[in-house]
Undergrad: 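Provided herewith is a single structure, encoded as structure tokens, for subsequent inquiry.
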Amino acid sequence: MILNVALPIPVAKAFSYSVPDPWAPFVQPFLRVKVPFRNRIMTGFILGIEEGNKPGLKEIVEVVDLFPLIDARLVDLAKWVSHYYVAPIGLVLKNAVLPSLQVEKHLIIATNTDSLADLNGINFKKACAMLGRRVVFSYFRDGLLELHDAFSGSSFSPIADPPPVPRELSEQTLLVGNIETRLAFYEESIADRLAAGENVLMLVPDYHTIGQYFLRRFSEKFPGKVLWYGSAVKPGRRMEAYFKARNGGGSLVLGSKGCLFLPVHRMGLTIVDRPEEDDYRGEEGFRFDAVVIATKRGEIEHVPVVLGSISPPMDVFKRGAEGSLVVLRRGSLKRPAFNEILMDKAISSSGTLPEELVGIVTNAVAKNEKIAIYTPRKDYSSYLRCFDCKNLLVCPVCGGPLVYRRHSNVLACPACGKAFPYKERCPVCGSRLINFSHVGVEYLEDKLAQLFPDIPILKITGETVDREVKRMNALSDESAAIVIGTQTLSKLYAFRPHTLAMIEWEGLLRIGGYRAAERMFHILSNLVDALDPEDVFVCMARKRKVNLTDFLDFDSFYRNELEKRRLVLFPPYIRIFLVEVERENEADGSRLVEKIENVVKNHGLSDHITGPLVQKRKKYRWRMILKGDSDLFYQSLSVISGLPGVRIEADPISI
């Protein structure tokens, strides 16, 4: 017997292995198996089974699962994802059945024969360690023991195919509204499904902000019915959600992108809140958009999907405008007093804070009010240049620009993740005159602490939010406080500052690629929606001023932005595939690029290329963009993805 096994590596082909006779009775498609691969043991997925033998094949080590942990519908979803993102099926299946899934640890054995009475009540993992995996598998196959999960007490058995659901129940809805109206709609919809004994799957961008807020809110509304599935909670809580969703009904399962392939029994509804968030982008092996996959899953399983937002992504809005989504408008963006403040220069560490910003903060503090300050950067400085020799401070490993983190006194490289001690001198000429610009949260925190030493200052970024939210909850309602943060501020639904100041928001136009204006719109809309301030001050450098009113009219913004994208053929009117090469030297890089160009040429796709762009710093970097549908590029990109040193990203968010 021969198995075709997909491994979680960036190679599209399956690998063949023979099956030792003792394991032959237990293999079936989409089970996990452990196999030898290049001097190590890897876990892969059985794609197919062939009779016969081939000399020289390596044998599998063992079978991991009693039966597939995903059903036929999720297999169909995985195959679609593999094609849509031109990603090897092994990488997709690894996301579907995560290595961290601790199923065996929570399965309890109940025996049907006195001879195995000693196994009663122990978990499956322990039994395999005591008796050997094949022995326990045999007992289960022969009906001598049963398995029940430790949380629901339900029998653990293959997922049954659900009865067919009428197509009219699987409509997809775009819900446009502020947070209060969205929550009211969600609660009503969830209540109906739970009352019918169905499960609801709800995706939120993260756990520490929106996730915890929704968890508290829905737990009060539906006590005992709300679960969280994701790595942010303890493994026991996560596995409780897994088994109850898989075997029971009447639960609301909250989670982030890790929920995409969660087996859900009697799923009645899928909700995705704030689908515009980049947090839904997955990077485990390949980059994907969880919103796209959740929507496709709804189609496959005939389950209605609701996408709720105050500022939906462009592709979702376009689908609604074209009629492929039902569009509901339930409350517009709140309208605080917007104030446009023009500053003579951008904020820089070479001087003091602009008097306009100091005045806004001083006024809030004098009234014992809370003020939130948004800035797009988190570090002390994101751009360091020597005054004397004019050179940028760049990473000695990859050549990317370095950022300065004052609290740890290090220079960090966002590109490769390396960090280096800051020596307060230029590495090229030795000068101590270093200019810090493109400043962020750390810089504002440092300067405002000097000006307002008696006022609590909180720093809200993706790395600090969990700790700082606890401090925020302890603040007095009647005292002043300054909260400085990045886009993470827009997820603090429980924080209500009187004033919101936005610093260098307009700078996103210079760093955000083709989605720059869309990102600015999302950030502004979600900051106002989440924080509900009474006054908003948009502080812009006079030379970089943008028209604020362009971002305050919902319909006009989407209409104008979509027309721009249509004219230049950018998403959502066309798909983009980014092909990147990075090699240590130019000769190796050039040879690899030549192979890629030959593949594209041989498939007749040369007219679909934009680029290439070559960068030469410490390493040879080469990028090429292909524009078109995945059906057009699937074969060529599948070949290219198998070349060492090549990275392919579908629908990149920054071009």
Undergrad: Ring centres under 6.0 Å, that's the criterion: do F521 and Y558 meet it?
TA: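 Yes: the rings meet the under 6.0 Å criterion.
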Undergrad: Just wondering, do V11 and L7 contact through their side chains at under 4.5 Å, heavy atoms?
TA: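 No, their side chains stay 4.5 Å or more apart.
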Undergrad: Going by atom types alone, do N526 and Q487 pair a side-chain donor with an acceptor below 3.5 Å?
TA: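 Checked: N526/Q487 side chains show no N/O donor-acceptor pair below 3.5 Å.
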Undergrad: Parallel, tilted or perpendicular: which describes the rings of H106 and F243, with under 30° parallel and over 60° perpendicular?
TA: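 The arrangement is perpendicular - the two ring planes meet at more than 60°.
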Undergrad: Is the centre of the Y85 ring less than 6.0 Å from the centre of the F577 ring?
TA: no
Undergrad: Among all residues two or more places apart in sequence or in another chain, which pass the side chain to side chain contact (heavy atoms under 4.5 Å, CB included) test with H148?
TA: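 Scan of H148 (side chain to side chain contact (heavy atoms under 4.5 Å, CB included), adjacent residues dropped) gives A110, E146, S155.
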Undergrad: Looking at K627, I'd like to know if its NZ atom is crowded, meaning that more than 12 non-hydrogen atoms belonging to other residues, nucleotides or ligands lie closer than 6.0 Å.
TA: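 Yes, the 6.0 Å shell around NZ holds more than 12 heavy atoms from other groups.
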Undergrad: I'd like to know whether CD of Q28 has more than 12 heavy-atom contacts from other residues, nucleotides or ligands below 6.0 angstrom.
TA: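 Enclosed: over 12 neighbouring heavy atoms sit under 6.0 Å from CD of Q28.
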Undergrad: Kindly say whether the aromatic ring centers of F137 and Y139 come within a distance under 6.0 Å.
TA: no
Undergrad: So, Y186 and D273: side-chain donor and acceptor under 3.5 Å apart, yes or no?
TA: yes
Undergrad: Can you name the ring-ring contact (aromatic ring centres under 6.0 Å, His included) partners of F140, sequence neighbours left out?
TA: none
Undergrad: F30 and F45: aromatic ring centres closer than 6.0 Å?
TA: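 No.
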Undergrad: Please lay out, stage by stage, how F15 and Y17 fare under the test ring pair (Phe, Tyr, Trp, His ring centres under 6.0 Å).
TA: CA-CA 7 Å; F15 297 86; Y17 292 89; 7.2 Å; no
Undergrad: Tell me whether S82 contacts the main-chain N or O of A78 through its side chain, where contact means a donor paired with an acceptor under 3.5 Å.
TA: no
Undergrad: Using ring centroids (six-membered ring only for Trp), state whether F633 and H608 fall under 6.0 Å.
TA: yes
